[in-house]
Amino acid sequence: MNFRPYALLAEVTYRCPLHCPYCSNPAMYPGGNELTTSEWQRVIDEAAALGVLQAGFSGGEPLLRPDLAQLIAHARQAGLYTNLITSSLGLDAKRAHELREAGLDSVQISFQAEEAVLADAIAGARAHEKKIAAARIAREAGLPLSTNVVLHRRNIDRLREIVAFAASLGAIRLELANVQYYGWAFLNRAQLLPTREQVHTARQIAEEEKARCREQMDIFYVLPDYYEDRPKPCMNGWGRRYLTVNAVGDTLPCPTASSIPGLRFENVRARSLAWIWSESESFQQFRGEDWMREPCRGCPERTRDFGGCRCQATLLTGDPANTDPVCGLSRIVP
Amino acid sequence: MSSISPQSRPALAPGARIQTDRVAGQPVLLSPEGIQELNFSAHAIIARCDGKQTVEEITVALAEEYEAPLDELREDVITCLAELHEKKLIVVS
């Protein structure tokens, strides 16, 4: 078996004070209790032994776990690069210092927009001003700050303002990610999906801003793939580089894989991570090329895009083994 | 035109860190969004990027340590650092 995982996404809780319409939590929560501190520590050790080099601590809102600094310290001791992906609600100076001391390498704070009224409306909570304060606290604690804003119909026209806002926070990196339509975002897509014209304009502005801010801030613009003609190389291929362990210990080849019906996920409470990675049905299912049908099977792009995204194929065609319908070669138009 | 000159003082970008990949036994440069594999020479160069030494000083040190011709080495060092700079893995002052 040639594949090894490089990155672990640890979704340490599903709890979150925000209620964004594109929430990355699963639309159907799996049953079970959150993994305990010692269970996470074991997962981290097993991940490091498999070759994982990076751990992203995400959720839900990971700051809701009182043991977060403990888990981060453990990951650092295991030799992992640690990244906290957070709304930042709950990040005060004491907590930021504690996380820095634990060895946290980087923090990414999400914003919903650049101004409070819209941002709070999207988040469904009064959060924006608190986030600005938390971003400052993170920087003062010496944590390298990234920001991300999920783009959709209600904020995509404000790209220039959003870029200026991220720069004012002292972020070294700004990720502008168009909504990917899975889970909650798929259910709420009617209110989120931007028009083709909005997407076109935003793309131009993003390129201009990226060039303009080059020295100060790294801007990543993640394309809305509904409007692309080739699929994204989702996860860099199924079961090739990434694994996600969710709040209750289910282990997924991709964070949204629970949207694929019939796929059974193994749990770290019952199995070792090594077994799950190399032997489990869910990780084997779409690994490599054997599962591919036409047009993927004979396509020269298959080694580059791996047939696109299995979750998207499921949601839009009803069958995860179909070509991602974003692809212009697919006969199914999304 | 390269963003790196012999007088530049390169340092690791905030959030970037060198680590050994246990599986491959190779040094890697880790950053918020990526894993950059470092070959032997890239590792030798970047390990000296402390924000204090200039590119020229780094080149001279490497030339001595590995008994390599200075001019060739300078070019290699600048090419390597320019690539890392383009990827935002180092900052220069």
Side-chain angles (χ1 to χ4, degrees), chain A residues 1-8 45 47-57 75-85 100 103-109 138-139 142-148 170-175 177 210 213-220 222 236 241-242 274 277, chain B residues 1-52 54-55 78-93:
Chain A
M1 217 260 312
N2 301 319
F3 301 122
R4 59 169 272 203
Y6 285 84
L8 164 72
D45 289 339
L50 278 174
V52 163
L53 292 167
Q54 290 186 309
F57 289 86
R76 272 304 296 263
Q77 279 153 21
L80 305 188
Y81 187 93
T82 55
N83 196 7
L84 174 63
I85 301 146
R100 183 66 177 158
L104 180 62
D105 286 298
S106 170
V107 60
Q108 175 180 296
I109 299 181
R139 285 193 54 216
L143 291 165
L145 173 69
S146 293
T147 51
N148 81 302
I172 53 172
R173 191 170 175 283
L174 167 63
E175 184 179 299
K210 191 179 163 79
C213 300
R214 230 190 144 277
E215 290 304 311
Q216 190 197 354
M217 187 170 66
D218 211 5
I219 300 180
F220 279 74
V222 183
N236 272 299
R241 294 184 72 92
Y242 298 98
W277 174 259
Chain B
M1 189 53 208
S2 175
S3 52
I4 308 291
S5 79
Q7 284 70 50
S8 306
R9 291 176 203 275
L12 282 182
R17 187 154 67 72
I18 299 173
Q19 177 92 36
T20 303
D21 176 351
R22 281 199 255 171
V23 172
Q26 290 281 330
V28 286
L29 186 54
L30 303 174
S31 64
E33 286 304 308
I35 298 164
Q36 170 77 41
E37 288 168 10
L38 299 173
N39 61 25
F40 183 82
S41 51
H43 181 234
I45 294 165
I46 200 152
R48 288 172 169 78
C49 292
D50 56 8
K52 296 179 192 121
T54 64
V55 169
I78 288 178
T79 306
C80 171
L81 290 175
E83 196 184 308
L84 292 167
H85 189 236
E86 180 66 31
K87 291 177 177 167
K88 308 265 182 181
L89 292 170
I90 59 163
V91 291
V92 287
S93 55

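Naming: A, B, ... by sequence-line order, numbering from 1 per chain.
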Part of A:A48 within contact of chain B (heavy atom distance under 4.5 Å): both
Answer yes or no: does atom CZ of B:R48 have more than 12 heavy-atom neighbours from other residues, nucleotides or ligands under 6.0 Å? yes
Residue part contacting chain B, namely of A:L145, when any heavy atom lies under 4.5 Å: neither
Side chain, backbone, both or neither of A:D105 within contact of chain B (heavy atoms, under 4.5 Å): both
Could you pull out the closest heavy-atom pair between A:T82 and A:A75, with the gap in Å? CG2-CB, 3.6 Å
Where do B:L81 and B:P10 come nearest, in terms of heavy atoms and distance? CD1-CG, 4.0 Å
Bottom line for A:R173: the part with an atom under 4.5 Å from chain B's heavy atoms is side chain
Looking at A:G79, A:S146, A:G51, A:A7, which one has more heavy-atom pairs under 4.5 Å with chain B than the rest? A:G79
What's the shortest heavy-atom distance between A:V222 and A:A177, and which atoms? CB-CA, 3.8 Å
Quick one: what part of B:V28 sits under 4.5 Å from any heavy atom of chain A, side chain, backbone, both or neither? side chain
Looking at every non-hydrogen atom in both residues, tell me the closest pair between A:I85 and A:G56 and how far apart they are. CD1-CA, 4.2 Å
Any idea which of B:A13, B:S31, B:A24, B:A16 has the most non-hydrogen atom pairs under 4.5 angstrom with chain A? B:S31
Checking A:I172 against chain B: side chain, backbone, both or neither under 4.5 Å from a heavy atom? side chain
Pick one of side chain, backbone, both or neither for A:L50, based on which atoms fall under 4.5 Å of a heavy atom in chain B. backbone
With rounding to the nearest 0.5 angstrom, report the CZ to OG distance, B:R17 to A:S106. 11.0 Å
Determine, stepwise, if the pair A:R4 / B:D21 fulfils side-chain contact (heavy atoms from CB on, under 4.5 Å). CA-CA 12 Å; A:R4 59 169 272 203; B:D21 176 351; 2.8 Å; yes
